Visitor: 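My questions all concern the structure below.
Small disclaimer: the values here were computed from a predicted structure and weren't measured. Read the numbers this way: they start at 1 and go in the same order the structure lists the ligands and their atoms.
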Amino acid sequence: MTLVHNWHLGRTMEYPYFESRPKQQFAAVFNTNRCIACQTCTMAHKSTWTYSKGQEYMWWNNVETKPYGGYPQFWDHNILQLLWDNGNNPMEWYTSAEDKDDKKAPYGLYNGDTIFELAQIKGLKQHAVGYIPDDKEWRFPNIYEDTAASEKTNIETEQVSEYSELPEHKRWYFYLQRLCNHCTYPACLAACPRKAIYKRKEDGIVLIDQKRCRGYRKCVEQCPYKKPMYRGETRITEKCIACYPRVEGKDPVTKGRRMEARCMAACVGKIRLNGLLTGDRNKPDPKNPMDWLIRIHKVALPLYPQFGTEPNIYYIPPRWAPRGYLRQMFGPGVDEAIEKFSAPSRELLAIMQLFRTTQTMISKFEIEKGKKVYETQVNGKKFEVYDDTAIGYAEDGTEVVRIKVEEPTWESSKERFFSY
Ligand code: SF4
Ligand code: SF4
């Protein structure tokens with residue numbers, strides 16, 4: 001084991017390999033506030049990569065209803081329980097102003113043990129703690145769909161004795177969209193004794209070498225997000241490949257330019273934006289939408305950072321769910337992220353328009369200023385809408401999208417007014 005810096009945790013941690021960050025990192029921002037759980041993303045990946053024999057129960061992309069849903073069933077409860085029961089330190093964050101000012105600890109300092117550290121504490125002969133879900137746990141990918149959590153329901157009358165209003169709904173659920181996080185410190189990679197899993201230098205995509213894999217299932221056991229899946233037909237393991245041929249620009253539709261992954265491009269609710277984070281974490285590019293949302297303004301947060309893998313799919317948390325639940329899921333940055341999203345700044349509102357406007361990966365954006373069209377108060381804070389124009393550019397500098405904040409209104413001509 002060696003010491004590496006994990007900026008999600010605000011500290012160094014144990015990992016079997018030296019710190020070596022890719023030139024750019026495949027990443028995405030998911031706005032949970034907009035997801036409608038239509039599962040179009042799920043079918044987009046299914047119909048492309050996992051439609052064959054032996055992959056029937058494989059859903060690289062899945063959308064689960066939180067808090068009860070999960071694929072495989074109760075995956076996160078199980079890992080949290082492991083950390084909770086066996087760690088030396090309580091799963092707590094220190095978020096003093098001093099810690100937060102430190103560029104190395106933007107969310108604060110995590111005091112608990114990661115899955116890697118816990119394996120050491122327990123003296124295991126493996127690099128991370130975990131478990132292999134059994135067949136029936138993979139069987140119901142949409143279990144507990146739309147099942148709400150509720151503090152108080154009168155069991156005798158089955159009457160709901162509470163109502164839902166902001167800031168925290170008393171009766172609530174939300175949708176969590178998941179795929180492989182292409183982690184900076186992948187537990188799957190650490191786990192594989194044959195070194196069949198590797199992380200690409202050019203874009204940080206984590207892949208299982210299908211020729212080297214022998215189906216030991218150590219990755220299935222030790223990935224805390226349960227994203228590597230064993231294929232009985234071939235007797236080896238597979239996982240999300242981030243649609244790397246598209247990311248490399250191999251799909252003719254984007255004329256050689258980098259293209260977003262299938263699940264991202266298919267998103268109906270316009271919740272997803274897929275791109276590449278710049279390689280140097282300490283020098284984020286304010287014109288790169290991924291850097292802007294994740295590193296500079298921290299509107300989008302990692303899923304279960306306490307596991308220690310530094311995952312690279314980031315979430316704008318749902319503004320109506322109980323904050324305690326969200327903090328244990330996305331870390332202590334939740335309150336600030338929700339506040340920023342609920343009354344978005346002029347720049348954030350413009351960037352949000354870029355979500356799902358093009359399949360080409362946007363590597364830079366620009367905002368052209370327009371006039372003020374609306375003004376109100378949100379939670380006592382002034383909120384103004386300007387009809388700005390957001391412009392997205394591909395890596396080669398070509399303009400690939402131009403969209404206004406305010407939707408244009410079109411009037412039918414008089415002749416066509418009653419055209420039915
Ligand atoms: S989410 Fe799991 S499978 Fe994906 S890179 Fe991280 S540890 Fe590996
Ligand atoms: S396609 Fe988009 S809106 Fe539909 S379930 Fe997937 S993430 Fe949610």
Visitor: Under a 4.0 Å heavy-atom limit, does Val268 contact ligand 2 with its side chain, its backbone, both, or neither?
Guide: backbone

Visitor: Restricting to N/O/S atoms, is Cys240 within less than 2.8 Å of atom 4 (Fe) of ligand 1 or not?
Guide: no

Visitor: How far is atom 4 (Fe) of ligand 1 from its nearest protein heavy atom, and which residue and atom name does that atom have?
Guide: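 Answer for atom 4 (Fe) of ligand 1: Cys180 SG, 2.3 Å.
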
Visitor: What protein heavy atom sits nearest atom 8 (Fe) of ligand 1, and how far away is it?
Guide: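 Protein heavy atom with the smallest distance to atom 8 (Fe) of ligand 1: Cys188 SG, 2.3 Å.
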
Visitor: Atom 6 (Fe) of ligand 1 to Cys183: any N/O/S contact under 2.8 Å?
Guide: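 So Cys183 counts as coordinating atom 6 (Fe) of ligand 1, yes.
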
Visitor: Considering heavy atoms of the protein only, find what lies nearest to atom 6 (Fe) of ligand 2 and give residue, atom and distance to 0.1 Å.
Guide: Cys41 SG, 2.3 Å

Visitor: Do Met229 and Val220 have side chains that approach each other closer than 4.5 Å (heavy atoms only, starting at C-beta)?
Guide: no

Visitor: Just heavy atoms, cut-off under 4.0 Å: does Lys239 contact ligand 1 by side chain, backbone, both, or neither?
Guide: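 Under 4.0 Å from ligand 1, Lys239 contributes side-chain atoms alone.
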
Visitor: Just to be sure I read this right, does ligand 2 sit under 4.0 Å from the backbone of Ala37, its side chain, both, or neither, counting only heavy atoms?
Guide: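 Backbone only; the side chain of Ala37 stays clear of ligand 2.
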
Visitor: List ligand 2 atoms under 4.0 Å from Gln39, heavy atoms only on the residue side.
Guide: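 In order of numbering, the contacting atoms are 4 (Fe), 5 (S).
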
Visitor: State whether the side chain of Gln55 and the backbone N or O of Trp49 hold a donor-acceptor pair below 3.5 Å, judged by distance alone.
Guide: yes

Visitor: Show the atoms of ligand 1 that are less than 4.0 angstrom away from any heavy atom in Pro228.
Guide: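 Counting from 1, the qualifying ligand atoms are 3 (S).
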
